[in-house]
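Structure, as structure tokens:
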Amino acid sequence: MTSVHPRELADLDLYAVWVSAAELTDRFDPFRFEHRMAAYRHLIDATNTDGLFGADNRHNPLWAWAFQLQWQCRTGRLGATTRADGMIDPDAPWAYGNYTLSVIPWLGAERAGVVAPLDIADAPGTARFRYVRGGVVPDELAPSVEQWRRYFAMVTGTRAKADVEPLRIALWKAHKTCLDVVVTAIAGIDPAPYAPLELTFLRGWCRMVDYLGAAAWRTDFDFMTEHGLDVLPETLLEHRPGLRTLPDKVRRNVANVLRLATTSPRRYALNLWLWRRIMRTRAARDDVLTLLDAIFDPRRDNAAARRRMLGHLLRP
């Protein structure tokens, strides 16, 4: 399958692996970085039937998953040796999280007839997380396969130039079912060899995704390159004093994510319920960048946004 992508991709570090990763033929080894990236490339290409997401596929909502995988590899979150040898550590928490968002969507796409079936390689040796073994999906991830099948079936049934927000809503629903499993799997684990702060950051990121999903957050190429490539830390988090060395935008984002991670479950559930209520309308979702900034970083200059947010909240 010939990959068609936005020309701007050539200026990004993702480009090298995007054009060099060999096509998956009979086997998908998710513990090899290039295989996961090749799977994303294939899914992005296979879902642009009749130019649904534009002639160069830039409107495909799966781009964020490729960018996230590249960030995780670049920053050492897939394992200590991944950048050198391409091997992904099955015991790395971020690597397990991405597994649920690469292998599970792939299996959903298989069931929807979007991609041809491949053998899924088992994890090398024993691992503290549960993976597909011998082709058998762990019980806790089986519902997620079905949610991804529904997403890909929606894609194949959507005509070009149609409103793609319903697809984003379905995609985020499937995404959340995977991360709910991840949250349970990483609860109480020993973070070593990573610092406890890094695992806290992962927990908080899973919660932040709940906010993004409620807003049907755009994850296409244009939105990601404009708003999503300079907000995450380029180093593993070791200790809180070290956060002061991060760029301002990244530091503020990390602080918000860590605050989410340490919010009590009851308070978090209430806050998320309120946010979902705010995000009920298309007008609110289209204004999500401003509203999200207002809720996480209230300032004098975004007071008007907070008033709009209150209006959305109180809307019958």
Side-chain angles (χ1 to χ4, degrees), residues 68 72 77 92-98 100-101 128-130 140-141 143-144 147 169 172-192 194-217 231-233 236-244 246 248-280 284-285 287-299 302-303 305-315:
Q68 277 281 300
Q72 290 167 15
R77 288 174 166 86
W94 281 95
Y96 170 68
N98 178 264
T100 71
L101 295 172
R128 59 178 168 176
F129 301 115
R130 283 163 52 91
E140 64 272 20
L141 286 169
S144 298
Q147 288 298 327
I169 291 172
W172 279 112
K173 182 178 180 180
H175 186 107
K176 177 173 168 52
T177 65
C178 291
L179 286 195
D180 285 348
V181 173
V182 174
V183 168
T184 299
I186 67 174
I189 67 169
D190 181 354
Y194 302 93
L197 187 63
E198 180 63 38
L199 192 60
T200 300
F201 179 59
L202 173 55
R203 291 193 184 102
W205 184 247
C206 290
R207 283 185 165 185
M208 179 63 80
V209 164
D210 284 343
Y211 277 78
L212 303 182
W217 185 268
V231 296
L232 295 174
L236 292 165
L237 303 184
E238 298 288 345
H239 45 73
R240 287 186 180 271
L243 302 181
R244 292 194 296 265
L246 297 174
D248 183 62
K249 183 189 291 188
V250 175
R251 184 177 66 254
R252 286 186 282 111
N253 191 48
V254 169
N256 289 332
V257 172
L258 293 175
R259 192 178 306 118
L260 275 179
T262 54
T263 300
S264 71
R266 182 174 296 181
R267 178 63 180 271
Y268 172 72
L270 174 61
N271 289 347
L272 183 59
W273 180 84
L274 292 171
W275 175 250
R276 285 173 172 159
R277 183 171 175 83
I278 291 166
M279 288 290 111
R280 288 173 297 162
R285 295 191 295 273
D287 195 23
V288 63
L289 278 171
T290 304
L291 298 183
L292 200 63
D293 175 64
I295 198 172
F296 279 105
D297 190 14
R299 305 179 306 275
N302 59 26
R306 294 199 301 279
R307 288 193 294 271
R308 289 201 307 277
M309 191 157 49
L310 184 61
H312 290 302
L313 177 65
L314 297 178
R315 180 186 176 93

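The two residues R77 and L237 have their closest heavy-atom pair at NH2-N, 4.1 Å. Residues V231 and K249 share a closest heavy-atom pair of CG1-CD, 3.7 Å. Residues R276 and A214 come closest through the heavy atom pair CG-CB, 3.7 Å. Closest approach of D297 and R299 over heavy atoms only: OD2-NH1, 2.9 Å. The two residues L141 and Y96 come nearest to each other via the heavy atoms CD1-OH, 4.4 Å. Residue L101 comes nearest to C178 through the heavy atom pair CD2-CB, 3.6 Å, listed as atom of the first residue, atom of the second, then distance.
In this structure, R285 contributes its side chain and A216 its backbone to no donor-acceptor pair below 3.5 Å. In terms of modelled atom types and a separation under 3.5 Å, the side chain of R280 and the main chain of R315 share a donor-acceptor contact. The main-chain N or O of L236 is never found under 3.5 Å from a side-chain atom of E198 such that the two would form a donor-acceptor pair. Between the W94 side chain and the L202 main chain, no donor and acceptor come within less than 3.5 Å of each other. In terms of modelled atom types and a separation under 3.5 Å, the side chain of R259 and the main chain of V254 share no donor-acceptor contact. The closest donor-acceptor contact from the side chain of R277 to the backbone of L313 lies under 3.5 Å. A side-chain donor-acceptor contact under 3.5 Å links R251 to the backbone of L246.
Atom CG of D180 sits about 12.5 Å away from atom CD of E140, to the nearest 0.5 Å. Put simply, CZ on R203 and CG on L179 are 14.0 Å apart, with the number rounded to the nearest 0.5 Å. To the nearest 0.5 Å, the span separating CG on L197 from CD on E238 amounts to 8.5 Å. We find the CG-CG distance between L260 and L272 to be 9.5 Å, quoted to the nearest 0.5 Å. Rounding to the nearest 0.5 Å places CG of L314 at 9.0 Å from CD1 of I278.
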For N256 and R252, run side-chain hydrogen bond (donor to acceptor under 3.5 Å, both in side chains): C-alpha distance rounded to whole Å, both residues' side-chain angles, the deciding distance at 0.1 Å, then the answer. CA-CA 6 Å; N256 289 332; R252 286 186 282 111; over 6 Å; no
Test side-chain contact (heavy atoms from CB on, under 4.5 Å) on Q68 and N98; report intermediate values, then the result. CA-CA 9 Å; Q68 277 281 300; N98 178 264; 5.5 Å; no
Run the numbers on N253 and L232 for side-chain contact (heavy atoms from CB on, under 4.5 Å), then give the verdict. CA-CA 7 Å; N253 191 48; L232 295 174; 3.8 Å; yes
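Put simply, the side chain of W172 reaches to within 4.5 Å of the side chain of V209, judged on heavy atoms. Between T100 and S144, the closest side-chain pair of non-hydrogen atoms is not below 4.5 Å. The shortest side-chain heavy-atom distance between L292 and W217 falls under the 4.5 Å cut-off. Inter-residue side-chain proximity for Y268 and D210 is flagged as met; some heavy-atom pair is nearer than 4.5 Å. Side-chain contact check for F201 versus M208: every heavy-atom pair is 4.5 Å or farther apart. Residues Y211 and N271 form a side-chain contact, since some pair of their non-hydrogen atoms from C-beta on lies under 4.5 Å apart. Within the 4.5 Å cutoff, side-chain heavy atoms of H312 are placed close to those of L291. The shortest side-chain heavy-atom distance between L258 and T200 falls under the 4.5 Å cut-off.
Annotation: side-chain hydrogen bond (donor to acceptor under 3.5 Å, both in side chains) contacts of R207 (sequence neighbours excluded): none.
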